[in-house]
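Please read the structure below before turning to the comments.
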Amino acid sequence: MEKYPSLCLGLPSWRVKLYLPDLQNGYYRGTRFDHAGVFASVRLFGKEFCAPWLEACDPLRHDNVQGPAEEWGVAGFDAAAPGGTFLKIGVGLLERPDEQPYDHFRLYRIADPGRRELRHDGTSVTMRHILDGYYDYTKTIRLGRLGEMDILHSLTAFTPLRSDVYNHNFFTLGSYSIRPGREVRFPYPVTGSWREDYTSVNALPATEIGFLKPLRKGNTVFCGGIHSAFDDPSPYAFTIRHEGTGQTVEVSSPTPFHRANFWANHRVACIEPFVEFALSPGETFTQEIRYGLSI
């Protein structure tokens, strides 16, 4: 019996399993990522594209998520005194406990989780999150033809909102070993800043980020500020591929990204494209991301 509230979309050959928002019993109860539609599994023709990558499940851990996972920025943190509240879109109003700077790895008390609504059919689910006085947010996950999936965001502001959102893209691609053959490829040259001079990854600028040797447990790599060498903002288009299994995820959106990060450990290699927005009351930010999976 499933321990956490969930639902499944699709058919046996093209199936997505999602965990549902639930502050008492949910799979993810952290305060970093959007609670709506945390992915449990994405399978195409029996091949797993995303699966748990941590050694143990901890619902309160900041990154206890897999597959496409959104993190929205915060609003009002600097203006909040200790004991006051600030906004984390997709989670709710959080309490600032002390004078320490905001840390998205930290678990904060949820002072107001807002109200949630859900509707679904066999191939799509729409999750609505209303935080009175702040926003009305819906996230829809919709399956199309074999291997096609769209994630749609619609955020209407009730108060001025200026922030950003990115998708972490925790894809395992059927392998728990990051090694040569795993790559993120762009249709244009990109540049970025590596945290250090790694010997395990190729240098930028280039059209792909690839691995020169396997990552071992405890190894991580990070590159920030990734962007097109020619366009600002950058076209939202890239491919994640693992040569060993042939599994490929093509990602695109009509909304360009302003910067991206790349992060990897020995189990996942993730590209994180950030999209910025600024809303006045009554204005709506929308974004559609298309995922095309193939083997």
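Counting begins at 1 with the first residue of the sequence. Everything quoted here is computed from the prediction, not taken from an experiment.
- His120 contributes atom NE2, which lies 10.5 Å from atom SG of Cys8 (distance to the nearest 0.5 angstrom).
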Expected list for residues 70-85: side-chain donor-acceptor pairs under 3.5 angstrom, two or more places apart:
from  : atom 1 : to     : atom 2 : distance (Å)
Glu70 : OE1    : Lys139 : NZ     : 2.6
Glu70 : OE2    : His153 : NE2    : 2.9
Glu70 : OE2    : Asn167 : ND2    : 3.4
Glu71 : OE1    : Arg32  : NE     : 3.0
Glu71 : OE1    : His104 : ND1    : 3.2
Glu71 : OE1    : Tyr166 : OH     : 2.5
Glu71 : OE2    : Lys88  : NZ     : 2.9
Glu71 : OE2    : His104 : ND1    : 3.1

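- Qualifying side-chain hydrogen bond (donor to acceptor under 3.5 Å, both in side chains) partners for Arg128, counting only residues two or more places apart in sequence or in other chains: Glu117, Asp136.
- Two residues are said to be in side-chain contact when any heavy atoms from C-beta on lie closer than 4.5 Å; Arg109 and Pro97 fail this criterion.
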Show the atom names and distances, to 0.1 Å, of all donor-acceptor pairs under 3.5 Å that link a side chain in residues 273-285 to residues at least two apart or in another chain.
from   : atom 1 : to     : atom 2 : distance (Å)
Glu283 : OE1    : Ser280 : N      : 2.8
Thr284 : OG1    : Thr156 : OG1    : 2.7

Applying side-chain contact (heavy atoms from CB on, under 4.5 Å) to Val251 and Tyr236, what does each step give before you reach the verdict? CA-CA 8 Å; Val251 187; Tyr236 199 123; 3.9 Å; yes

Under the ring-ring contact (aromatic ring centres under 6.0 Å, His included) criterion, do His129 and Tyr135 qualify, and how do the steps go? CA-CA 8 Å; His129 187 208; Tyr135 65 75; 5.5 Å; yes

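- Considering Ile271, Val184, Leu204 as possible partners of Val190, the one that fulfils the side-chain contact (heavy atoms from CB on, under 4.5 Å) test is Leu204.
- Rounding to the nearest 0.5 angstrom, the gap separating the OG1 atom in Thr126 from the CG atom in Leu118 is 8.0 Å.
- With hydrogens and angles left out, the side-chain atoms of Arg259 and His227 include no donor and acceptor closer than 3.5 Å.
- Once rounded to the nearest 0.5 Å, the distance linking CZ of Phe170 with SG of Cys270 reads 5.0 Å.
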Check the pair Arg142 / Leu152 against side-chain contact (heavy atoms from CB on, under 4.5 Å), numbers first and verdict last. CA-CA 8 Å; Arg142 182 178 63 205; Leu152 302 93; 4.0 Å; yes

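- Of the inter-residue distances, the one linking Thr138 atom OG1 with Arg116 atom CZ reads 12.0 Å to the nearest 0.5 angstrom.
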Could you go through Glu250 and Arg290, starting from their C-alpha distance and side-chain angles, then the distance that decides it, and tell me whether this counts as side-chain contact (heavy atoms from CB on, under 4.5 Å)? CA-CA 8 Å; Glu250 296 184 54; Arg290 168 152 291 187; over 6 Å; no

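- Side-chain N/O atoms of Tyr28 and Asp22 include no donor and acceptor closer than 3.5 Å.
- A salt bridge is defined here as a Lys NZ or Arg NE, NH1 or NH2 lying under 4.0 Å from an Asp or Glu carboxylate O, and Asp98 with Arg106 meets this definition.
- In this structure the side chain of Val125 never reaches within 4.5 angstrom of the side chain of Thr140, judged on heavy atoms.
- Leu293 and Ile295 fall within a single hydrophobic cluster, where Ile, Leu, Val, Met, Phe, Trp and Tyr side chains are chained together by heavy-atom contacts under 4.5 Å.
- When atom types are taken as modelled, the side chain of Thr207 and the backbone of Pro187 share no donor-acceptor pair closer than 3.5 angstrom.
- No donor-acceptor pair closer than 3.5 Å links the side chain of Arg179 to the backbone N or O of Arg182.
- Applying the ring-ring contact (aromatic ring centres under 6.0 Å, His included) criterion to Phe105, with sequence neighbours excluded, gives His62.
- Going from atom CG of Leu9 over to atom CD1 of Ile141 covers 7.5 Å, rounded to the nearest 0.5 Å.
- Distance check, rounded to the nearest 0.5 Å: NE2 of His242 to OG1 of Thr172 gives 10.0 Å.
- Proximity of a side-chain donor or acceptor of Asp231 to a complementary backbone N or O of Ser234 within less than 3.5 Å is not detected.
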Evaluate the criterion side-chain contact (heavy atoms from CB on, under 4.5 Å) for residue pair Leu18 and Ser6; output intermediate values, then yes/no. CA-CA 5 Å; Leu18 302 167; Ser6 63; over 6 Å; no

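- Linking Ile, Leu, Val, Met, Phe, Trp and Tyr whenever their side-chain heavy atoms come within less than 4.5 Å leaves Met127 and Ile110 in two separate clusters.
- Counting heavy atoms from C-beta outward, Glu272 and Phe262 have side chains that stay 4.5 Å or more apart.
- Side-chain contact check for Asn64 versus Leu54: some heavy-atom pair is nearer than 4.5 Å.
- When the ring-ring contact (aromatic ring centres under 6.0 Å, His included) test is applied to Tyr108, the partners found at least two apart in sequence or on another chain are Phe86, Tyr102.
- With contacts defined as side-chain heavy-atom distances shorter than 4.5 Å, the pair Pro214/Ile178 does not qualify.
- One hydrophobic cluster, built from ILVMFWY side chains closer than 4.5 Å, cannot hold both Tyr137 and Leu23; they sit in different ones.
- Grouping the Ile, Leu, Val, Met, Phe, Trp and Tyr side chains by contacts below 4.5 angstrom, directly or via other members, places Tyr4 with Phe33.
- Ion pairing between Arg115 and Asp132 holds under the 4.0 Å rule for side-chain N and carboxylate O.
- Using a 4.5 Å heavy-atom cutoff, the side chains of Phe257 and Pro235 are not in contact.
- Asp112 places none of its side-chain heavy atoms less than 4.5 Å from the side chain of Leu94.
- Between Tyr19 and Tyr27, the ring-plane angle classifies as parallel under the 30° and 60° cut-offs.
- Ion pair Arg241/Glu208 not flagged as a salt bridge, since none of the NZ, NE, NH1 or NH2 atoms sits closer than 4.0 Å to an Asp/Glu carboxylate oxygen.
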Hey, can you pull the donor-acceptor pairs under 3.5 Å for the side chains in residues 36-53, sequence neighbours left out?
from  : atom 1 : to    : atom 2 : distance (Å)
Ser41 : OG     : Glu48 : OE1    : 2.8
Ser41 : OG     : Glu48 : OE2    : 2.9
Arg43 : NH1    : Glu48 : OE1    : 3.1
Arg43 : NH2    : Gly46 : O      : 2.5
Glu48 : OE2    : Val42 : N      : 3.0
Trp53 : NE1    : Val65 : O      : 2.8

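- Between Val221 and Asn219, the closest side-chain pair of non-hydrogen atoms is not below 4.5 Å.
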